[in-house]
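Written out below as structure tokens is the structure these notes cover.
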Number of protein chains: 2
Amino acid sequence: MLPGMAENPPAPSRIRPLPSWLLGRAAARGRGLVAEALARHDLRMWHHVVLAAVADLGPVAQAELGRTISLDPKDMVGVLNDLQTAGLVLRTPDPADRRKNAVSLTPEGEQRLRECTRAARRANDELLAPLSAAEREQFLDMLRRISGVR
Amino acid sequence: MLPGMAENPPAPSRIRPLPSWLLGRAAARGRGLVAEALARHDLRMWHHVVLAAVADLGPVAQAELGRTISLDPKDMVGVLNDLQTAGLVLRTPDPADRRKNAVSLTPEGEQRLRECTRAARRANDELLAPLSAAEREQFLDMLRRISGVR
DNA sequence: GAGAAAACGTTGGCCCTCCCAACGACCTTC
DNA sequence: GAAGGTCGTTGGGAGGGCCAACGTTTTCTC
């Protein structure tokens, strides 16, 4: 039994063999480990994703940012409100187009992103601990093929 | 690009390499395929899981059922209400212990479970289509080790 | 046998992720 | 100048996940 995991009874016999069920359990474990790690930095998953995307693309229009990471405009508003309130991003009106605002990281945002990226990497190392290095490469390759993610 | 999948831009560079992110995307695809398949039988994921568990264990007390599949008692109430309304399960008071009711499948419930199990299997075959038979075994073995599921 | 503790099923509520629709202000196209 | 589209926001909901409290019933302890 893996450390930090309550032992659960086996899933029903018609569910247990379904790869989607196993994927769901594995993903839930991954999400839980990462959520716990990010919570220590007062962030949640989409906060981290948005900070990372702004670091890659910034300054970037909010709508463009949302399209890039496939986050609904309504949800983007909430995430940016949280990040702005925490002093991690700035929204600056675009003088050339008053419909838009440009999102950029503050120095605090850059620092928080570094911390979170390290924390997320450690959580992911724990997640994949049961696999050898060669198996990890194989596993990631298969995940990419299944999910269609580039 | 896999059939039926909109092409998305790549995730941010600090997020893209995270196994938990890839797991999340793969799991979301699996969940989506299964949800679509089950929806044609007017069911959702937990409806299917509960039917399958009752088939394995029934008649079974509601609280015991919830523990077996790790579903919160509050959520169990909702799922059983839906299944009972649809005529797929029965809740029968336990004469030996009036706190409990025993959950069992109706003949309609058994039939619906057979249909859903077939539909879920087909959806899962589609999910794993990019992998060879040998890779599928490897993949499932790795998922079991990572998730700690028996 | 009485009282305390625990179990059962339900109701209430919240959070997170995911998704759709409509609005007012603004920009682009013809 | 008018029509159509874009931007960011507000409104709403669904599904999954989780915690707390209640009334009733059963079990356990003294």
Side-chain angles (χ1 to χ4, degrees), chain A residues 6 8 15 20-21 23-25 27-36 38-39 42-50 59-84 89-103, chain B residues 6 8 15 20-21 23-25 27-36 38-39 42-50 59-84 89-103:
Chain A
N8 289 327
I15 304 296
S20 57
W21 176 261
L23 257 178
R25 295 304 97 194
R29 180 152 193 265
R31 192 182 314 118
L33 287 171
V34 170
E36 197 181 329
L38 294 181
D42 300 307
L43 292 189
R44 299 195 304 271
M45 181 182 87
W46 279 109
H47 295 130
H48 183 209
V49 175
V50 166
V60 57
Q62 192 168 311
E64 177 61 23
L65 180 56
R67 282 190 293 276
T68 300
I69 59 180
S70 301
L71 182 59
D72 188 85
K74 166 180 174 141
D75 301 320
M76 177 64 73
V77 170
V79 173
L80 284 179
N81 284 349
D82 292 342
L83 292 174
Q84 186 169 353
V89 298
L90 283 178
R91 273 154 154 147
T92 311
D94 184 335
D97 188 335
R98 292 206 299 279
R99 291 173 296 178
K100 295 177 168 176
N101 52 34
V103 184
Chain B
N8 290 327
I15 304 295
S20 57
W21 176 262
L23 257 178
R25 294 305 96 194
R29 180 152 193 265
R31 192 184 315 120
L33 287 171
V34 170
E36 197 182 329
L38 293 182
D42 300 307
L43 292 189
R44 300 197 304 271
M45 180 182 87
W46 279 110
H47 296 129
H48 184 209
V49 175
V50 166
V60 58
Q62 193 168 311
E64 177 60 24
L65 180 56
R67 283 191 292 276
T68 300
I69 60 179
S70 300
L71 182 60
D72 190 85
K74 159 148 187 177
D75 300 323
M76 177 63 75
V77 169
V79 173
L80 284 179
N81 285 349
D82 292 341
L83 293 175
Q84 188 170 350
V89 298
L90 282 177
R91 272 155 154 146
T92 311
D94 184 335
D97 188 335
R98 290 205 301 278
R99 291 173 298 180
K100 294 177 168 176
N101 53 37
V103 185

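The chains referred to below are lettered A, B, ... by the order of the sequence lines, with proteins before strands, and numbering in each begins at 1.
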How close or far is atom [atom2] of [N] from atom [atom1] of [X], stated in whole angstroms?
X	N	atom1	atom2	answer
E64(B)	dA7(C)	CD	P	12 Å
E36(A)	dC18(D)	CD	P	13 Å
I69(B)	dG17(D)	CD1	C1'	13 Å
M45(B)	dG17(D)	CE	C1'	10 Å
H48(B)	dG15(D)	NE2	C1'	17 Å
L65(B)	dA7(C)	CG	P	18 Å
W46(B)	dC18(D)	CH2	C1'	12 Å
N81(A)	dC16(C)	CG	C1'	16 Å

Discussion item. How close do A27(B) and L23(A) get, counting heavy atoms only, and between which atoms?
Written reply: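 The answer is CB-O, 3.9 Å.
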
Check the phosphate of [N] against [X], side-chain N and O only, distance under 4.0 Å to OP1 or OP2. Yes or no?
X	N	result
R25(A)	dG16(D)	no
R67(B)	dG9(C)	no
R44(A)	dT17(C)	yes
Q62(B)	dT10(C)	yes

[atom1] of [X] to [atom2] of [Y]: how many Å apart, nearest 0.5 Å?
X	Y	atom1	atom2	result
L83(B)	L43(B)	CG	CG	6.5 Å
N101(B)	D94(B)	CG	CG	9.0 Å
L38(B)	L33(B)	CG	CG	11.0 Å

Find every protein N or O atom lying less than 3.5 Å from an N or O atom of nucleotides 20-22 of chain D, and list the pairs.
none

Worksheet item: Within 45° of the axis and under 6.0 Å from the centre of the six-membered ring of W46(A), does NZ or CZ of R44(A) qualify?
Response: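 No; the conditions do not both hold, so R44(A) does not lie above the ring face of W46(A).
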
Item to complete: Give a yes or no on whether a donor-acceptor pair under 3.5 Å exists between the nucleobase atoms of dC7(D), that is its base, and the side chain of N101(A).
Response: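 For N101(A), whose side chain was compared with the base of dC7(D), there is no donor-acceptor pair (under 3.5 Å).
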
Item to complete: Decide side-chain contact (heavy atoms from CB on, under 4.5 Å) for W21(A) and V34(B); before the verdict, give the C-alpha distance in whole Å, the side-chain angles of both, and the deciding distance to 0.1 Å.
Response: CA-CA 10 Å; W21(A) 176 261; V34(B) 170; over 6 Å; no

Discussion item. If we check side-chain contact (heavy atoms from CB on, under 4.5 Å) with H47(B), which of these qualifies: V89(B), L80(B), V79(B)?
Written reply: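 Of the listed options, the one satisfying the test is V79(B).
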
Worksheet entry | Test log, rule side-chain contact (heavy atoms from CB on, under 4.5 Å), inputs H48(A) and I15(B) | CA-CA 8 Å; H48(A) 183 209; I15(B) 304 295; 3.7 Å; yes

Worksheet entry | Residue whose closest nucleotide on DNA chain C lies nearer the 5' end, R31(A) versus D75(B) |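 Going by which nucleotide is closer to the 5' end, it is D75(B).
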
Discussion item. At 4.0 Å (heavy atoms only), tell me whether M76(B) reaches a base, stays on the sugar-phosphate, or touches nothing.
Written reply: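 No contact.
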
Item to complete: From the options dC7(D), dT10(D), dG9(C), select the nucleotide whose nearest atom is closest to the side chain of K100(A).
Response: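 The answer is dC7(D), which lies nearest to the side chain.
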
Grab the N/O contacts between the protein and nucleotides 26-30 of chain C below 3.5 Å, and write none if there aren't any.
residue : atom : partner : partner atom : Å
dC27(C) : OP1  : R98(A)  : N            : 3.1
dC27(C) : O4'  : R99(A)  : NE           : 3.3

Side-chain atoms of residues 65-78 of chain B: list all donor-acceptor pairs with protein atoms under 3.5 Å, sequence neighbours left out, distances to 0.1 Å.
residue : atom : partner : partner atom : Å
R67(B)  : NH2  : E64(B)  : OE1          : 3.0
T68(B)  : OG1  : E64(B)  : O            : 2.9
D72(B)  : OD2  : K74(B)  : N            : 3.0

